[in-house]
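Right, one structure below, let's go through it.
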Amino acid sequence: MYAFEFHRASDIDDALKQLGADDEAQLIAGGQTLLQSLRQRLAMPSTLVDLGGLTELAGIERDGDALNIGAMTRHADVAGAAAVHDAIPALAVLAGGIGDAQVRNMGTLGGSIANNDPAADYPAGLVGLGATVVTTEREIAADDFFTGMFETALGEHELILGVRFPVPRRAGYVKFPQPASRYVLVSVMVAETDEGVRVAVSGAGPCVFRVPEMERALAADFRPEALDGIRVDPGGLNEDLHATPEYRAHLVGVIARRAVAAALS
Amino acid sequence: MNVSLTVNGQAVTRDVDPRTTLVELLRNHLSLTGTHVGCDTGQCGACTVHLDGRAVKACSVLAGQAQGAQVTTIEGLADGGLHPMQSAFRECHGLQCGFCTPGMVMAAVDLVKRHPDPDEATIRDGLEGNYCRCTGYHNIVRAVRRAAEQM
Amino acid sequence: MSDSSIGQPVHRREDERFLRGQGRYTDDIHLPGEAHAYFLRSPHAHARIRGIGTAAAAQADGVVAVLTGEDLAADGVGGLPCGWQITDVDGNPMKEPAHPPLAQGKVRYVGDAVAVVIAESYWQAKDASELIEVDYEPLEAVASAARALTDGAPRVHDEFDDNCCYVWEIGEGGEVDAAFDSAAHTVSVDITNNRLIPNAIEPRAAIAQYTPGEERYTLYTTSQNPHVTRLLMSAFVLQIPEHKLRVVAPDVGGGFGSKIFHYAEEAVLTWASRRVARPVRWTAERSESFTTDAHGRDHVTRAEMALDGDGHFQAMRVRTTANMGAYLSTFAPSVPTILYATLLAGQYRTPKIHCRVTAAFTHTTPVDAYRGAGRPEATYVVERLVDACGRALGIDQAEIRRRNFIPKDAFPYQTPVALNYDVGDYEATLDAAMEMADVAGFEQRRAEARSRGRYRGIGYSTYIEACGLAPSNIAGALGARAGLYEAGEVRLHPTGKVTVFTGSHSHGQGHETTFAQVVSDRLGIGIEDVEIVHGDTDRVPFGMGTYGSRSLAVGGTAIMRALDKVIDKSRKIAAHMLEVDAADVEYDDHGTFRVAGTDRTLSMPEIAFSAYVPHNYPLETLEPGLDEMAFYDPTNFTYPAGSHICEVEVDPETGRVEIVNFTAVDDFGNVINPMIVEGQVHGGLAQGIGQALLEACVYDDASGQLVTGTYMDYTMPRADDLPSFRVDTRNTPCTHNPLGVKGCGEAGAIGAPPAVVNAVIDALGPLGVHDIGMPLTPVRVWQAIQQAGGSRAA
C-alpha cells in the first residue's frame, strides 16, 4: 500500500465534506475489493473516507411493492434476511454467493455496485430486477447506473444511500463461477415483473447487459425451453484464461435456462 | 493515527500508520502471531478472525475500520481449555502443518454459529474462503461436523 | 508400559500449540534491532541490465542499505549451487549456468531478484524500491520448453550454444524399437504434465542475524532441510564455516518440496546481516511466492506401448521434454531423470523400456521437486497410456492391468529401468479398491446419471513410487552430489525422559507424534516422556531433511539404529547392575531387561538413572551416560504402490467435472499411526486432483509473463472442489528397513491425476472425446466436447 490518510466519517454530511475537500479522497465501504487494490498498489488515494460508522445506511426494509436495502448493508445480511427471502429469494441467493463467508460479512451492496466490477454479482441483480439506485443527489435506474467496466453514473461527490428493488412476480439467479477467484464467469438474473421480463448478465461482457431476445421469448413463454436456439453473439465478450468469448456466449444460454428453472422452482 | 478496540476482551489502543491492516495490528503491534498471513489478495483465509462476532479476513480490513470493535483471535477463542472446535480438529486430525488452522478454526466457529447442524455440503461450501494445502479438507469437514454436535 | 502405540491412531502432540495459535513460524520471530528487506524483482522475463541507479533509494526515509548483484560479486558471494549433475547421452556433463542470488548483467525470468532494499520498516523498503532506477534492455523471451529447443529461439544463457541442458536416456533403445516393429498392436498418447505452483500456505520467510562477538551467523528460514541449506551456504555460496552458521527451520507451514531448495533470499539476507550489522528479515508476499518458489512438473511427453495380441505389454517408448526454468534449482536435474524415467515400469512386467529426456532452459521460474517429483509425471504417462491401451484393444481397464501386473510371487523384481522392487501385492490393492468403489454397481450409476443429463465415468490408476530417498551409492551413480542418508540421536536423561534429535523435518507430517511412538514402543517409556527435536543445526547432529516420503523409512530407521545402540549399551549397564554376563541379559523390546530364566529385571529408566550416577562402574570398560547416535543410509528405495479409482460426473452443458467418489487403497508397508497416514493420503489426493482439474501455472510464451500470478487466476483446491475420500491400505512390509515402512506422503499426488483424467475420458467416450489436457477446467472440457462434435451442449 502507498501511504494515505484515514478518516472515519461520523455521518453522511461528514463523508461528503471529506470527499469534497480532497480530489484524491476515496470512499471505503466494506473494503473487500478496495483493500486488495491498495495492497497490490493499484490504487493510490490520498485519504480513505470510511463509511463503516454510518449505521443509518445499513438495513433492509419492505416498503409495499419494493424492498429497500441500505448501501452499507453487508452481503451476509442480505443473504440471511427474512424480508429478502420472502420478497425476492433470488436476491438472497445472489448475495449468499458473493465471494466467501468472510467477504460477505464485510462487503456491502453500495461498495459492490459503486465498483462495478464486470465479474461482480450485484450488477446483474440490480439490472435484472429493474432496481433503482438512490443517492445523495438523485435516483438512478439500474439500466442507467452501470455505464462501463468499473464505471458508473455516480458523480464525484455523490454517495449511494441504498437500492430500491421492486418485488418481481418471480425471479431466478444462477452464477457460474470463475474457478480460481470465484467471481462471476457468467451469471444471469431472470425476473418476471409487472413491467415485463428482464434478463441481465454479469461476467460475460465488460459490463452487465440485458438480452432482449431472451426477454421477448420469456415474455411469451416463461420456461427454460423458450430460450432454446437463442444464441448470444460472442463478439465483444470477455476473453481470459478461464473462458473464451464463445464459451461465455454459450454459458449465457445455459445459465439463463437454469435461472429460469430456478425462478420456477 | 490512534486505533482503539477490544481484542480478546482487552481494551487496546495503538498508534499506527493508517495503512496498517487489522492482521498487521494483531501480529506486529499486539504480538498475537496466531493469526497468519498466507496471501495478498484476500483469498486464503489464514488471517480469519471475528470482528464484532463475525468471521472476517483480517488482511482485508484496515485497522481503522476496526475502531471501537470487538475482535476475537485464535488466542482468545477459548478460556483455558480448548474450544469444542479446537478439540474436534485435534480429535479428527483436521490439521497438519498448522498454518491455515487458526483461520480455519475461526471460520468454522462462525459457520457453525450460522448453521448449527450443517451437512457435509454446507460445511464445504461454508469453508470456501479458507485454503488448506495439507489435509485435502477431508478431516476438517469431519472436525466441523463433530464440533457442531458438541457446540 | 504394556500397550504398544504402534499402529494406533495416536492424536498429535503438536496440535495443541497450533490450535491455540502458539505455533512459532519464521515470520512470528522478531529479533532486537531487526531491519526489513524488500527484494526488487524483474518485471521482464529476459532483459539486459544496463545499469542500476540506487542513489535515490539509498536516500529515502528509513533506508539502511540498497544492495545489488555487483555488491554480492564484490564480496565474493558465490552462485546458488545445483546438487545434482546429469551426464548426457554423449557422456558430457549437463550445462550448468551460473545462478547469482541477485541478477548480474541479465534477468532471466519474471521475479528474478535485481536488488534488495533494507530499511527500518517493510513499507519504507518497498517504497524505496520504487526509486531504484533499473535500466533494462528488454530481450526476446521463451517460456515453453518445446520452443526453447528450436533453432533461433532466444537463448537463456549466453555462455551456451543452445537452451538444451541435457539429453539423457535410460533403457535399450534398439531392443525397444525392435519390439515395436514386431508388435501386434501399438498405442500412443501425447501428454502434457501441467506446470504447478506448490503454494504452501505459509509463504517463504527468513531472518538472518550476525553476532560479531562470536563471528557467528544465525538464519531462521522456512526449510524442509536446514542442514542442507547450511551445507550449501557453507560450502558454496558464502563460505561461512558450518560451526559459524546456525540454520533453524522452526514450525514450517507446509513445504511440498518447495522448501527443500536453497533460495537466493537466504544467502542474501545472511550476507547482508553482517554488512548492515543488523538482523534482517523478509517474508514473501504471495505474489513473490508465485514467481520465486520453485515450480513443479512441466513435461511434454509422447509415450508408446507395444503389445502382443493378448494385450500383454511388450515394450514402452517414451520421449519427454522437461522445462527446467531459467536456472537449475537445487535438485532440479534429478526430477525428470532418476525420479521419473526409473518409474516407467509402473506395476507392470513391461520387459523393455526406453526413455529419452530432453531438458530445456526457458525464461521462467526454476522448476524443481514438487510433491511426488517425477513420479507423478511417470505415473501419469504410464496410467494414461495403459488406459489408452485398454480402450484401443477393448480390454476392461482392471483386466488389462491384471494381465500385466508383476505377480506377488515375482519379488524381488528387477525392472528394465534400474529399480529393484522388493515387495508388493498389486492385485490385493486393486481388489480392495474395486470392492470399496463398488465397481460392480457402476454401470447402474452411470445410467442413472445419464437420466439426469450427466455423463458419469470411472477411471483407474495403479501406481508405484520409489520413496525413502535414497541409497547414496545409487543416487551418486545417477548424479547426486550429496548422500541421502539420515541421522538420528537418542538421548536418555537421568530421570528416564528421552530427547530424540532427528535430521528429518516435520512441517505437517506429525513426526513429533509418529517418531515418539516408535521410540516409546522400543524403550517402554511413555510417549509423553519422549520429545522429538528437529529443525535446528545447532541441536541436531546432521540431517538431509524431509522429502521423497523418506522421513520414517530413512529418518525413522536412523533413530532405530540409535535405539539399537542405546539398547546394546543398556544391556551392558544392566549386566553390570545385575552382576551377570551381558550375554545373559535379555531385552523384551519394550523397556524391560531380564536375566534370562529369572524374574530379575530392570526398566529402561532405572538403567538411564544408573548411567548418569556411575559410582561403581568399571569405567575402563563401561562409559557413563546414555546418548547414542546413528547415521542410516538405505540399501534400496521403498516402493509404496496402490490402486486409485475415481468416479466423476460431467455436466456436458458447462463442461464442469464433479468428483463423486474417490477411492484409494495403498500399500505403505507397516503403518505406525494410521490417522496420520490417512491424513497424508487425503492431502496428496487433493493436490493430485488439483493438478487434474484445477491448477495450472500458465506463462505467455512470447513475453514470458506469468499469467496465473495470483489466487485470482491460479485455482487452489477448496473444500467444495473435493469429495470425502475412501481410503484404506493393503500392506506388505518393506523388506529392508527395520520398521517395514515405505512412506505415504506423496502417494495421493502421484496416483490421483490419471485416475481423474481416465474417469473423465471414460465419461465422455460416448461423446467422442478421447483426450483432454490437464487441468480439466470447464472451458477445456466444453471445448473438447465441441471438437468431438457431440451433444446438444453445442
Side-chain angles (χ1 to χ4, degrees), chain A residues 1-10 25-55 58 72 74-77 79-80 96-108 111 177-183, chain B residues 1-5 16-24 37 39-69 103-104 106-115 118 122-131 144:
Chain A
M1 286 184 222
Y2 294 109
F4 51 76
E5 296 298 314
F6 186 88
H7 180 87
R8 192 170 174 87
S10 54
Q26 197 172 344
L27 299 173
I28 176 166
Q32 296 304 282
T33 305
L34 181 57
L35 256 288
Q36 311 319 329
S37 302
L38 294 170
R39 292 173 82 195
Q40 303 283 312
R41 299 199 155 188
L42 300 172
M44 240 179 111
S46 57
T47 301
L48 284 185
V49 180
D50 177 24
L51 304 178
L54 307 189
T55 47
M72 285 299 292
R74 316 278 174 181
H75 307 319
D77 293 326
I98 297 173
D100 51 50
Q102 293 96 313
V103 168
R104 293 193 289 274
N105 282 336
M106 276 304 286
T108 66
Q178 194 258 54
S181 69
R182 298 289 178 93
Y183 277 65
Chain B
M1 62 182 259
N2 267 315
V3 178
S4 296
L5 64 165
V16 299
D17 186 310
R19 47 184 159 165
T20 305
T21 58
L22 177 57
V23 72
E24 287 161 346
V37 178
C39 77
D40 47 16
T41 50
Q43 262 100 4
C44 82
C47 62
T48 300
V49 300
H50 292 175
L51 180 70
D52 289 331
R54 292 171 155 204
V56 301
K57 293 181 175 175
C59 76
S60 303
V61 177
L62 288 168
Q65 290 178 278
Q67 176 72 36
M104 192 69 78
M106 297 308 282
V109 169
D110 187 62
L111 165 72
V112 173
K113 219 185 293 176
R114 286 178 285 115
H115 303 280
T122 304
I123 294 169
R124 288 184 179 276
D125 186 53
L127 295 177
E128 186 183 13
N130 293 76
Y131 291 171
V144 176

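The chains referred to below are lettered A, B, ... by the order of the sequence lines, with proteins before strands, and numbering in each begins at 1.
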For chain A, which residues of residues 48-55 of chain B have heavy atoms nearer than 4.5 angstrom: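 Within residues 48-55 of chain B, the residues under 4.5 Å from chain A are B/Thr48, B/Leu51, B/Arg54, B/Ala55.
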Part of B/Asp125 within contact of chain A (heavy atom distance under 4.5 Å):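 For B/Asp125, neither part sits under 4.5 Å from chain A.
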Region of B/Cys47 in contact with chain A, defined by heavy-atom distances below 4.5 Å: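 Neither part.
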Could you tell me which of [options] has the largest number of non-hydrogen atom pairs under 4.5 Å with chain A?
options                               : value
B/Asp17, B/Leu127, B/Val61, B/Leu111  : B/Val61
B/Gly129, B/Gly126, B/Ala107, B/Gly45 : B/Gly129
B/Gly68, B/Cys59, B/Gly42             : B/Cys59

Minimum-distance pair of heavy atoms, taken over all atoms of A/Phe6 and B/Pro18: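 Minimum heavy-atom separation between A/Phe6 and B/Pro18: CB-CB, 4.0 Å.
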Minimal non-hydrogen separation, A/Arg39 against B/Thr41, with atom names: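 The pair with the smallest heavy-atom distance is NH1-N, 4.1 Å.
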Relative to chain B, which segment of [X] carries a heavy atom at a distance below 4.5 Å: side chain, backbone, both, or neither?
X        : result
A/Leu51  : neither
A/Leu34  : neither
A/Asn105 : both

Verdict with supporting geometry, A/Asp50 and B/Gln67, side-chain contact (heavy atoms from CB on, under 4.5 Å): CA-CA 11 Å; A/Asp50 177 24; B/Gln67 176 72 36; over 6 Å; no
Interatomic spacing from CD1 in A/Ile28 to CG in B/Leu62 - rounded to 0.5 Å: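 If we round to the nearest 0.5 Å, A/Ile28:CD1 and B/Leu62:CG are 5.0 Å apart.
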Options A/Gln40, A/His7, A/Arg104, ranked by heavy-atom pairs under 4.5 Å with chain B, top entry: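 The option with the most such pairs is A/Gln40.
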Top contributor to chain B interface from A/Arg182, A/Glu5, A/Arg74 [non-hydrogen pairs under 4.5 Å]: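 That would be A/Arg182.
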Under 3.5 Å donor-acceptor, B/Gln65 side chain and A/Gly30 backbone: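 Side chain of B/Gln65 to backbone of A/Gly30, a donor-acceptor pair under 3.5 Å: yes, one is there.
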Any donor-acceptor N or O pair under 3.5 Å, side chains B/Ser60, A/Gln36: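 Short answer, yes.
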A/Gln102 and B/Asp110: side chain donor to acceptor below 3.5 Å: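 No - no donor-acceptor pair under 3.5 Å links their side chains.
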Non-hydrogen side-chain atoms of A/Asp100 and B/Lys57 separated by less than 4.5 Å: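 When only atoms from C-beta onward are counted, B/Lys57 and A/Asp100 do touch, with a gap below 4.5 Å.
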